[in-house]
Protein chains: 4
Amino acid sequence: MNRRSAKESKESILEAAIEVFSEKGYSQTTIREVAERAGISVGGVYIYFKNKEEIYFTLLKYLLDEFRDRAGESIKDIEDPAEAVKNYIAINLNYAKKFKGLILIEGREHGFTSCIDIKKKFFKGQRRLIEEIIRKGVSSGRFERCNVEGTARVIIGTLRGFILSLVMDSDSLFSQKECNNLILGGLLKRGVK
Amino acid sequence: MNRRSAKESKESILEAAIEVFSEKGYSQTTIREVAERAGISVGGVYIYFKNKEEIYFTLLKYLLDEFRDRAGESIKDIEDPAEAVKNYIAINLNYAKKFKGLILIEGREHGFTSCIDIKKKFFKGQRRLIEEIIRKGVSSGRFERCNVEGTARVIIGTLRGFILSLVMDSDSLFSQKECNNLILGGLLKRGVK
Amino acid sequence: MNRRSAKESKESILEAAIEVFSEKGYSQTTIREVAERAGISVGGVYIYFKNKEEIYFTLLKYLLDEFRDRAGESIKDIEDPAEAVKNYIAINLNYAKKFKGLILIEGREHGFTSCIDIKKKFFKGQRRLIEEIIRKGVSSGRFERCNVEGTARVIIGTLRGFILSLVMDSDSLFSQKECNNLILGGLLKRGVK
Amino acid sequence: MNRRSAKESKESILEAAIEVFSEKGYSQTTIREVAERAGISVGGVYIYFKNKEEIYFTLLKYLLDEFRDRAGESIKDIEDPAEAVKNYIAINLNYAKKFKGLILIEGREHGFTSCIDIKKKFFKGQRRLIEEIIRKGVSSGRFERCNVEGTARVIIGTLRGFILSLVMDSDSLFSQKECNNLILGGLLKRGVK
DNA sequence: TATGAATGAGGCTTCATTCAT
DNA sequence: CATGAATGAAGCCTCATTCAT
């Protein structure tokens, strides 16, 4: 028996779960496989998680939190708002590549309200982040004057599309540069670029 | 025994399947529920479809084909390329609203290669459509000179994102107008708009 | 619609049934396939037969009756009892080859008492036939004196074994000559052969 | 929850399976019934066996192996080849009585090639065993000179027939003595018997 | 008679979850 | 804490049989 601390066990389960959920999606993932990859028994999984849903929920929450932190971090000290947007896009695409499979589960394969809530909250937070940048850009004169909330929503939505395309079509259809161009093309003052 | 023509039965199954797949995703959809909503017995479903996968595949093919036709139709006689793009966007968003859930199944919750193939082909076709428009727009001077293929890809990707957002966040985050602005904002010659 | 007389339809069903039962065994045979091969609808089969079991039963009865007749016929005018036994063996093996598959169903794949009864009766009749021959052979001095009933049973049993081997091992393990030798070897007076 | 060791559970499943397969044949045997008789849940069966076929295959292999061992054992130290043949017959008939029904499944009610292979191999081995005895008998002068391979085949085939009769007609048609007589009658030198 | 769509029970198999050890 | 055998509900699919036409 490979004795581990509770924390270690829980983490190895989550790590295994990321893998398997990514590879197979939620429904096709079995607790048995997660347990095996985590090097724990089936019953062991249920010591740390109430059920399959909780594993997914924990995972999702963890990843969103981590993403939020990193995204916030990567932006906070950047003066140029265009640069900040570029960074934000970059971190999004990176994360997407890393957790390809998980993003595909975003669909309603499972109808857990808990997950919907947490995701809404997450996207709201991200929108605030973008709004901040846009506001800074507008007031500094770098960006066109615009409806800040609306524009932030559009950017988030557009990013989602990029990410989805990136993730679904293994022959990634477009690059970060193209993504930057599209988003910034609509934001930057004409001629300033 | 609810007597209907074979065609009617098959169609009512497909209609029911659209509903249920949309609501629950592929894995969570049970044949029993599809059958019930179609007003047929479980066994009856298997008269018309070899298995669950075939139902999904038939549905997907049907929707994509129909979409392709409608999209082609709605564009072909439009002179102004900007108008054509707007129309294309409109029909996309409409379709997305109508078949909300089905779009969410895009994931690899099911790994049917047949579906992957058909989808790739579909998106390729759509890209060609957009490229055509862009080319026309560029040569007519309405659009900025650009990498036609790349731009088409970006537009498709962006649209996907809009649609995904539209579909996932029931409080639709942004309007068609915003979508138009973003996409056209990057295409139209400055000042022409 | 290929109009046929009731008799024709019934016969074509039986012919199809022989084929399919032979190829797939009882359980694996579906009414649908029998109907298709018979060129009749599924429902049509049920006009002529109460159910699947009745088809099998009718078939079995028909074949056993026919076999009984043929076997009786092929023996009745033969003077030499050894020759008669040889003929009986020959017709057995021929029949076995022709209805290979059906013989394999003999097992208790289906537990129809009706079939058991009819088979018992058949084998009893066959035993009587053999007993007759043996008695003739013994009284004429061609065969060794022996327990007639017991010997008849043994011969039937032995033949079954030959047939089973013939039918199961596609590389038929032994020839009719070997079969003759074994059976007659135990019957014929030493030296007479 | 009926706690047992894994080995115990697996064995009780196999024991139950022997019973049910024997009584009903392969197709008519349901996992549910096997499970019930084994005192385990339906799902429990699948812990130990991949599927129904594997249960059957395991059983078949086990019985054939055991039979092979016992048959070999019961013969190896016997000097008199006639005695050896008698022993071989005896063990065959005993086994047949014990596993009555299972023998009847021989048909291709299931078309598992794995089973066909294993059976062919088994019968080949048994033939070798008999050939050995015959050779010994012939060279020692107890048996008539004969085609060893052919004779072995005939004996195996004959035995199969006896067994089949024994198994199918519950009113066992003939005794071991009669079986001995037939087989040995063709082998023993005239007058020696 | 004939059709073939429809039924629905039932079989196989999977898997989240529990619990005796 | 940990194990993994055991459970049982539930899903997919088949097919003998029925029945409206």
Side-chain angles (χ1 to χ4, degrees), chain A residues 1-6 9-10 27-36 39-55, chain B residues 1-10 27-35 38-53 55, chain C residues 1-6 9 27-36 39-53 55, chain D residues 1-10 27-35 38-53 55:
Chain A
M1 217 181 311
N2 192 4
R3 280 283 161 187
R4 287 176 293 199
S5 72
S9 290
K10 196 164 181 176
S27 301
Q28 301 301 317
T29 291
T30 67
I31 297 293
R32 181 167 307 282
E33 180 159 7
V34 171
E36 263 159 25
I40 201 174
S41 67
V42 172
V45 172
Y46 284 84
I47 296 169
Y48 299 102
F49 298 93
K50 200 169 87 255
N51 51 30
K52 192 177 171 186
E53 175 173 348
E54 196 181 80
I55 299 177
Chain B
M1 234 176 286
N2 188 7
R3 283 283 147 183
R4 285 178 292 196
S5 74
K7 210 184 157 211
E8 279 170 342
S9 290
K10 191 163 185 177
S27 302
Q28 299 300 320
T29 291
T30 68
I31 297 293
R32 176 166 308 282
E33 182 159 5
V34 171
I40 202 175
S41 66
V42 172
V45 171
Y46 287 88
I47 297 171
Y48 301 101
F49 299 94
K50 210 171 75 254
N51 50 34
K52 193 178 170 186
E53 174 174 348
I55 300 177
Chain C
M1 218 181 308
N2 191 5
R3 279 284 162 185
R4 286 175 295 197
S5 72
S9 289
S27 301
Q28 300 301 318
T29 290
T30 67
I31 297 293
R32 180 169 306 284
E33 181 160 7
V34 171
E36 263 160 24
I40 201 174
S41 67
V42 173
V45 172
Y46 284 85
I47 296 170
Y48 300 103
F49 298 93
K50 205 170 82 253
N51 52 31
K52 192 178 172 185
E53 175 174 349
I55 300 177
Chain D
M1 235 178 286
N2 188 7
R3 283 284 147 184
R4 285 177 292 198
S5 74
K7 211 184 157 212
E8 278 169 342
S9 290
K10 190 164 185 178
S27 303
Q28 300 300 320
T29 292
T30 67
I31 297 293
R32 177 167 305 284
E33 182 161 5
V34 171
I40 202 174
S41 66
V42 172
V45 171
Y46 286 87
I47 298 170
Y48 301 102
F49 299 95
K50 209 171 76 252
N51 51 31
K52 194 179 170 185
E53 175 173 349
I55 300 177

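Lettering follows sequence order; numbering is per chain, from 1.
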Looking only at side-chain atoms of D:Ile40, point me to the closest of E:dT3, E:dA5, F:dT7.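 Output: F:dT7.
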Side chain to side chain contact (heavy atoms under 4.5 Å, CB included) with C:Thr30: which residues, sequence neighbours excluded?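 Applying side chain to side chain contact (heavy atoms under 4.5 Å, CB included) to C:Thr30 gives C:Arg32, C:Glu33.
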Could you tell me which residues satisfy side chain to side chain contact (heavy atoms under 4.5 Å, CB included) with B:Lys50, sequence neighbours excluded, listed by chain and number?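 Checked B:Lys50 against side chain to side chain contact (heavy atoms under 4.5 Å, CB included); matches are B:Glu54.
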Both atom distances under 3.5 Å, Watson-Crick or G-U wobble: I'd like the secondary structure of DNA chain E as a dot-bracket string, with | for pairs made across strands. .||||||||||||||||||||
At under 4.0 Å between heavy atoms, which parts of nucleotides 8-15 of chain F does protein reach? Answer with one letter per nucleotide, 5' to 3': B base, S sugar-phosphate only, - none. B--SSBBB
Let me know the distance between [atom1] of [X] and [atom2] of [N], rounded to the nearest Å.
| X | N | atom1 | atom2 | result |
| --- | --- | --- | --- | --- |
| B:Glu8 | F:dT21 | CD | C1' | 14 Å |
| D:Phe49 | F:dA5 | CZ | P | 13 Å |
| A:Glu33 | E:dT14 | CD | P | 14 Å |
| A:Glu54 | E:dT17 | CD | P | 10 Å |
| A:Ile55 | E:dC15 | CD1 | P | 15 Å |

Given the ring of D:Phe49, does D:Lys10 sit roughly above its face, with NZ or CZ under 6.0 Å from the centre of the six-membered ring and within 45° of the axis?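 Output yes; distance and angle both within limits.
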Listing request: all salt bridge (Lys or Arg N to Asp or Glu O under 4.0 Å) pairs with a residue in residues 39-48 of chain B, at least two apart in sequence or in separate chains.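 Listed once each, the pairs would be none.
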Checking B:Glu53 now: which residues fulfil side chain to side chain donor-acceptor pair (under 3.5 Å) with it, not counting sequence neighbours?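 Partners of B:Glu53 under the side chain to side chain donor-acceptor pair (under 3.5 Å) test: none.
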Please step through side-chain contact (heavy atoms from CB on, under 4.5 Å) for the pair A:Tyr48 and A:Ile55, ending with a clear verdict. CA-CA 9 Å; A:Tyr48 299 102; A:Ile55 299 177; over 6 Å; no
Earlier contact from the 5' end, DNA chain F, for D:Tyr48 and A:Ile47: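 On the 5' side of the pair lies A:Ile47.
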Could you grab the distance from atom CD1 of A:Ile31 to atom OH of A:Tyr46, nearest 0.5 Å is fine?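 The OH atom of A:Tyr46 is 4.0 Å from CD1 of A:Ile31, to the nearest 0.5 Å.
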When rounded to the nearest 0.5 angstrom, what distance separates CD1 in C:Ile47 from OG in C:Ser9?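 Atom-to-atom, C:Ile47:CD1 and C:Ser9:OG are 8.0 Å apart.
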